[in-house]
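Before any comments, here is the structure.
Chain naming here is simple, since letters A, B, ... match the order of the sequence lines and numbering starts at 1 in each.
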Amino acid sequence: MKKQKLVPEPPNFSRFDLLSEEIVFIILDFLNENPLDKKAFSLVCRSFYAIESRHRKFLKPLRSEHLTKVLNRYPHVSTLDLSLCPRITDASLGVISGSCKEMLRSINLSRSKFFSHLGLSNLAVNCRNLVEIDLSNATELKDLAAAAIAEAKNLERLWLVRCKSITDIGIGCIAVGCRKLRLLSLKWCLGVGDLGVGLIAVKCKDMRSLDLSYLPITNKCLSQILELQNLEDLVLEGCFGIDDDSLKSHKLGCKSLETLDMSSCQNVSHVGLSSLTSAAGSLRQLILSYGSRVDLALVDSLQKLSMLQSIKLDGCQITCSGLKAIGNWCVSLTELSLSKCVGVTDEGLSSLVTKHKDLKKLDITCCRKITHVSLAHITNSCTSLVSLKMESCTLISAEAFVLIGQRCQLLEELDLTDNEIDDEGLKSISRCSRLSSLKLGICLNITDQGLIHIGLCCSKLKELDLYRSAGITDSSISAIARGCSGIEMINIAYCKFISDRSFMSLAKCPKLKTLESRGCPLITSLGLAAVAVGCKQLAKLDVKKCHSIDDAGMIPLAHFSQNLKQINLSYTSVTDVGLLSLASISCLQNMTVLHLEGLTPSGLAAALLACGGLTKVKLQASFKSSLPQLLIEHLEARGCTFQWREKIFRAELDPKCWKLQLADAE
Amino acid sequence: MDPEERLCADTWTKSSSGCESLNTPPNISIFSDFNSQQQKWENSSFHDFGVTVQQQFSDFNQLFGAQNSLSCNVNNQKQMSDPKDKQTCDAHESSNMQDWDPRAMLNNLSFLETKIHQLQDLVHLIVGRRGQVTGPADQILVQQQQLITADLTSIIVQLISTAGSLLPSVTQTLCSESSISQLGQFGGVTNQSAGVSDNVPPLNNNVNKVEDHSDLTGYFGAEQNCPIEDHEMKSDDDADEGENLPPGSYEILQLEKEEILAPHTHFCTICGKGFKRDANLRMHMRGHGDEYKTPAALAKPNKESSSEPILIKRYSCPYVGCKRNKDHKKFQPLKTILCVKNHYKRTHCDKTYTCSRCNTKKFSVIADLKTHEKHCGRDKWLCSCGTTFSRKDKLFGHIALFQGHTPAIPVEESKGSAGPSDRGQCSEATNKVEQLEFNYKLDAPSRSACQNIMDVEGTGEDPTSYFSPLGFDTSSMSGFHEFPRPPFEDSENSFSFLLSGACDYPPKNGRYTGSNDLV
């Protein structure tokens with residue numbers, strides 16, 4: 001954005017003058033996919049530059065140093081996301097509040113550090129139209145900061161996730177100050193109890209969405225919350241203070257409630273649940289993950305919920321009769337999640353899915369007891385499935401997977417990780433032409449033969465996970481890259497036969513953002529260079545244990561992958577030079593460099609200093625002593641956190657051995 | 001033998017042989033409605049008390065006669081005029097604080113010794129008299145016995161309080177005030193009855209007791225029935241508002257101010273040590289010999305047999321004009337001795353205990369101070385309207401109720417939570433101690449060289465050694481610990497206030513241990 005090529009003045013008449021600003025704005029609205037597009041647009045001519053400046057409403061800067069200039073250039077910015085800035089001080093907030101003034105409507109300060117209540121107060125006073133503030137992870141902020149936020153009288157949405165130091169007093173200030181609040185997330189605000197939440201319920205009558213996860217609250221404030229007339233979304237995950245005794249003593253219930261999350265509320269059984277849901281007639285989604293046992297009594301207590309569409313019972317112990325009873329509900333569910341449920345059997349699941357024919361999303365991850373019978377019933381009745389997640393359903397035989405492709409052709413998301421699926425199954429699945437996400441990790445039976453079919457037919461594929469699917473070679477990756485040019489994420493970790501050829505074909509996928517190729521020893525710097533040149537949007541790169549990659553790969557990466565945010569170079573042959581060259585990637589924030597043989601403390605120090613935007617670095621613990629303490633302190637003051645690892649080098653295992661080891665560990 | 005002691009002995013021999021001859025006209029006029037036997041006992045007790053006071057007084061004389069030009073001779077009181085008398089007493093008191101003579105202490109001790117012997121004699125006499133009494137109706141006998149026991153206990157109490165006043169650390173209200181008032185009255189009596197050379201009893205002081213014999217018996221009976229618990233019952237003195245006993249259905253007892261303010265209520269009849277609790281006294285008694293170790297002696301004194309109906313006892317405050325005083329129109333009696341004590345201290349005494357945190361709240365009952373200190377400064381829940389709350393839920397209830405009110409964030413949050421006031425207090429306390437030591441060192445040149453810094457530090461905690469003048473061996477002071485030790489808190493003297501301030505921090509640590517360490 002800083003580079004400004006001076007385009008020569010157009011001659012007396014410019015055809016662009018015919019376009020009104022509104023039309024250009026509409027054109028600009030479509031240039032959202034690649035941030036570089038708008039940059040290129042603004043560089044066309046002065047008028048385009050000016051139009052683009054006026055058009056931009058959303059800004060997500062990487063550094064706070066240039067805030068003054070950037071905000072001067074974009075006077076109409078109303079949404080500011082500072083979550084990528086490693087360091088936001090009170091001064092930065094002062095600049096923002098000084099230049100944005102009333103224009104600013106939303107600011108995201110999650111993960112930003114170094115600011116205090118003074119900056120927030122400045123912001124709240126100057127930017128009167130602020131509607132949305134995200135302050136998550138500001139663990140240091142105290143009640144004074146909350147009191148500063150309370151000055152933002154028009155605030156409607158506020159996230160305070162993990163603000164552990166804020167207490168009831170601070171929340172009380174917010175409750176009194178921000179009367180228009182519609183959304184509030186207090187997840188992990190451990191200092192907030194009944195009194196603060198109760199006051200929110202009393203003062204903020206417009207509340208629509210409330211996240212109270214893991215708060216030490218009891219029924220005392222719950223009865224007040226449920227009196228909120230407009231409350232639609234309530235999350236009570238892990239509220240251990242809520243139990244049956246207190247719930248059943250009150251006739252609770254909120255008519256407007258649409259989503260209720262009671263995960264990990266282990267003290268609530270069907271008794272409390274029925275009293276809680278008895279009046280909540282409009283409930284659409286119910287999440288009871290990791291809660292009490294799902295049996296006949298619990299399921300019957302939910303029978304009255306006539307609007308229910310989605311229920312999540314992840315990690316619950318579930319009985320066969322409970323599953324059957326869900327099948328007997330008069331409502332027709334569209335979403336059902338039974339992942340990691342103990343007790344899901346063919347009998348129960350079959351009778352359930354035959355009744356709920358409208359299911360769109362089904363999650364049966366780790367339901368290890370089910371066999372091809374269940375899959376047959378699922379595919380038979382739920383033909384409109386859009387998402388099917390069935391990781392680690394190991395008893396399902398390979399032949400059964402053919403049914404998925406035969407009957408559920410609307411699938412967009414399919415997770416078959418750790419299953420017995422073979423090439424025949426894949427060939428059948430390739431008929432799901434809408435497939436956008438396919439996970440085939442640890443599927444040891446698949447080979448190129450099947451995957452080539454996927455590449456040929458599933459042109460909409462965006463995500464492909466082939467983690468440790470050892471039979472895969474370059475030819476299938478080439479087919480995928482050719483057929484699914486829109487692919488954004490691919491994981492080919494520990495596919496040993498993958499070589500530079502795959503990378504070269506992937507270089508033709510311009511939208512590729514995430515590339516994971518751990519433990520592919522055949523990949524060299526040459527392949528990496530090709531990807532760097534071709535995949536301009538690459539943001540995450542993991543080449544851990546690709547021993548052949550060295551500095552030669554880093555230099556093109558540093559030059560072309562200007563969107564790279566995260567890189568893992570552990571166990572590669574990269575040295576000081578390669579690491580230092582990465583400093584030219586201004587976006588780079590997250591770096592993992594373990595076991596780099598050629599890395600010296602001084603080279604590392606230079607690289608760390610040069611990469612100004614780093615927020616997280618994972619390093620070998622031995623560097624902790626060899627790096628100058630002053631340097632570490634300096635980097636930490638810049639907003640970088642260090643993670644010191646004491647990992648010992650481990651030889652790589654054969655995929656089958658690895659899987660056996662995994663099974664043993666379980 | 002001291003003239004005073006001889007005097008005492010005389011009193012006793014005379015009273016035992018029959019005291020009609022000794023009775024002065026005022027005595028007779030007051031006790032005229034008693035029969036001679038009763039009168040005799042009354043008188044003997046009064047004589048005894050009078051002598052006690054005299055003894056005290058003469059000690060003062062002995063002490064300060066040398067320095068004080070205004071020397072007064074108690075035995076020749078007729079020469080004194082009223083204002084002069086007062087002045088002298090004040091002078092005595094103040095000089096008592098400055099110069100304290102261990103010899104006088106020894107004298108007092110020996111006096112106490114003889115006193116105890118006399119008491120024993122009295123007991124013997126009672127035994128003898130019981131044998132003699134024949135003829136009178138049972139009821140009279142009972143009455144007489146009650147009277148005798150009352151007198152006996154009265155003597156003991158007076159004896160103890162006198163003994164307590166001899167302790168150097170005693171700067172306590174009871175003794176100083178009572179001795180002043182007694183002396184004043186004494187002087188008054190002397191003026192009225194000019195020509196009476198000796199044994200003039202301080203009658204005024206005991207008039208009430210004479211009027212109501214049952215008073216003392218009731219007092220001690222009640223003590224046994226209601227063990228004194230320091231804090232729990234302190235609100236009781238107002239709690240009996242609703243009690244509507246018809247007048248006459250209960251017995252009204254009235255304690256004297258001195259008795260109310262006495263630190264101890266149970267006294268060892270052998271060594272005179274005072275105790276707050278009867279059980280502690282019994283434990284103590286074991287040390288005096290095997291006869292006190294029997295289960296019977298250690299057992300809790302039995303309540304009177306329940307067969308005969310006991311009249312409910314209620315108490316009256318001695319302060320005239322008080323609603324709790326029996327002469328008040330709307331008299332409301334107090335339920336227990338403890339109620340009386342707390343009521344009297346709260347209502348009719350100065351509030352001497354100041355809260356060290358807020359420095360504004362004052363209390364006359366130390367338990368009240370302690371209760372307050374538990375909550376003082378806890379009103380940390382603050383509303384933007386300026387109202388403070390001791391409980392968070394109350395604050396939130398307030399905020400939920402009123403529009404526009406918002407919780408206020410305490411100022412400390414930005415500064416850090418360490419309480420500067422605490423530190424201030426601490427340094428204040430050390431300042432006091434330093435000051436004290438400094439004062440002490442002013443005297444140092446006159447001290448023997450062998451006293452080391454340890455001693456100096458000891459003075460911060462041990463008033464005994466502080467008061468001990470030059471060359472006085474502290475080890476000989478250890479004997480004084482046998483005597484009842486009134487707590488510091490009761491003192492009104494500014495000096496001991498300093499002491500208690502210094503001892504406040506750390507609390508209770510070595511309030512008395514200091515001297516023991518030195519010994």
Side-chain angles (χ1 to χ4, degrees), chain A residues 90 115-121 124 140-153 155 163-181 191-205 207 216-221 223-225 227-228, chain B residues 235 354-361 368-428:
Chain A
D90 284 343
F115 62 88
S116 76
H117 63 96
L118 297 172
L120 283 175
S121 151
E140 305 296 315
L141 289 187
K142 294 210 167 79
D143 287 339
L144 275 173
I149 295 164
E151 294 299 311
K153 305 285 179 201
L155 207 61
C163 290
K164 293 177 189 172
S165 309
I166 290 180
T167 70
D168 283 334
I169 297 292
I171 295 302
C173 291
I174 290 172
V176 174
C178 312
R179 303 294 285 273
K180 295 183 182 172
L181 268 183
V192 178
D194 278 336
L195 294 171
V197 176
L199 201 62
I200 289 279
V202 169
K203 297 283 181 183
C204 306
K205 293 291 184 195
M207 192 62 75
I217 52 169
T218 65
N219 176 58
K220 240 188 233 168
C221 72
S223 54
Q224 289 171 300
I225 289 164
E227 281 168 20
L228 285 169
Chain B
S235 60
T354 312
C355 173
S356 55
R357 291 195 201 181
C358 61
N359 281 320
T360 49
K361 287 262 182 187
D368 292 356
L369 172 71
K370 282 175 180 165
T371 311
H372 162 78
E373 277 181 335
K374 271 181 205 164
H375 303 284
C376 182
R378 291 281 180 87
D379 273 9
K380 55 179 179 178
W381 305 110
L382 202 70
C383 177
S384 57
C385 68
T387 320
T388 57
F389 299 86
S390 59
R391 283 170 55 180
K392 194 158 96 171
D393 54 336
K394 298 292 173 200
L395 167 68
F396 276 77
H398 168 88
I399 286 161
L401 202 62
F402 294 101
Q403 295 282 321
H405 290 214
T406 168
I409 288 149
V411 195
E412 302 99 69
E413 191 176 286
S414 47
K415 293 177 186 168
S417 57
S421 59
D422 282 2
R423 249 178 272 146
Q425 254 178 18
C426 179
S427 64
E428 211 179 312

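Heavy atoms of other residues, nucleotides or ligands lying less than 6.0 angstrom from NZ of A/Lys153 number more than 12.
Closest of all the heavy-atom pairs between B/Pro407 and A/Cys173 is O-SG, 3.2 Å. Closest non-hydrogen pair, B/Ala408 versus A/Ile169, comes out as O-CG2, 4.1 Å. Considering all non-hydrogen atoms of both residues, B/Gln403 and A/Lys203 come closest at CA-NZ, 4.4 Å.
The CG atom of A/Asp168 lies 7.5 Å from the CH2 atom of B/Trp381; values are rounded to the nearest 0.5 Å. Between the CG atom in B/Leu395 and the CG atom in A/Leu199 there is a gap of 9.0 Å [rounded to 0.5 Å]. Here the NE2-CD1 distance, from A/His117 to B/Ile409, works out to 9.0 Å after rounding to the nearest 0.5 Å.
Contact of A/Asp194 with chain B is not made at all, since no heavy-atom distance falls under 4.5 Å.
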